[in-house]
Amino acid sequence: MIKRTKYLQKIIPFIDKPLIKVIIGVRRSGKTVLLSQIREHI
């Protein structure tokens with residue numbers, strides 16, 4: 001699993017904000033892995 005620190009640093013400031021977050025990308029680009037890493041951070 002690749003640690004996606006660049007994307008995590010951009011997403012983490014918005015975690016507790018009342019804003020809808022959408023993670024989009026092409027197939028097999030790591031969206032689910034990114035969500036797993038966000039879950040581990042929380």
Side-chain angles (χ1 to χ4, degrees):
M1 185 174 357
I2 298 172
K3 187 77 172 173
R4 304 191 181 281
T5 55
K6 180 192 257 185
Y7 296 114
L8 282 174
Q9 290 174 355
K10 290 183 178 185
I11 293 172
I12 287 172
F14 296 102
I15 287 178
D16 290 330
K17 306 279 185 195
L19 192 69
I20 297 174
K21 296 104 180 141
V22 179
I23 297 175
I24 59 173
V26 297
R27 292 178 61 199
R28 302 183 56 87
S29 62
K31 298 178 296 284
T32 304
V33 172
L34 181 61
L35 287 172
S36 298
Q37 291 175 359
I38 291 169
R39 182 180 60 197
E40 289 175 6
H41 182 274
I42 293 175

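All of these numbers come straight from a predicted model, not from anything done at the bench.
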Peer 1: To check you understand the geometry: which heavy-atom pair defines the closest contact between R4 and Q37, and what is its length?
Peer 2: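 Scanning both residues, the minimum pair turns out to be N-OE1, 3.1 Å.
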
Peer 1: Can you check whether L19's main-chain N or O pairs, donor with acceptor, with K21's side chain at less than 3.5 Å?
Peer 2: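 Checking the backbone N and O of L19 against the side chain of K21, a donor-acceptor pair under 3.5 Å is found.
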
Peer 1: Return the set of residues passing side chain to side chain contact (heavy atoms under 4.5 Å, CB included) with I42 (not counting sequence neighbours), or none when no residue passes.
Peer 2: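 By the side chain to side chain contact (heavy atoms under 4.5 Å, CB included) rule, I42 matches I15, I38.
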
Peer 1: Quick one: name the residues clustered hydrophobically with I24, using the 4.5 Å side-chain heavy-atom rule over I, L, V, M, F, W, Y, and just say none if it's on its own.
Peer 2: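 Traced through the cluster, I24 reaches I20, V22.
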
Peer 1: Supply the members, apart from I2, of the Ile/Leu/Val/Met/Phe/Trp/Tyr cluster built from side-chain contacts under 4.5 Å; use none for a lone residue.
Peer 2: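 Same cluster as I2: nobody, lone residue.
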
Peer 1: Going by atom type alone, with no hydrogens or angles, which donor-acceptor pairs under 3.5 Å involve a side-chain atom of residues 6-14 and a protein atom two or more places apart or on another chain?
Peer 2:
none

Peer 1: Is a side-chain donor or acceptor of K31 paired with a backbone partner of I23 at a separation under 3.5 angstrom?
Peer 2: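 Answer holds: no.
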
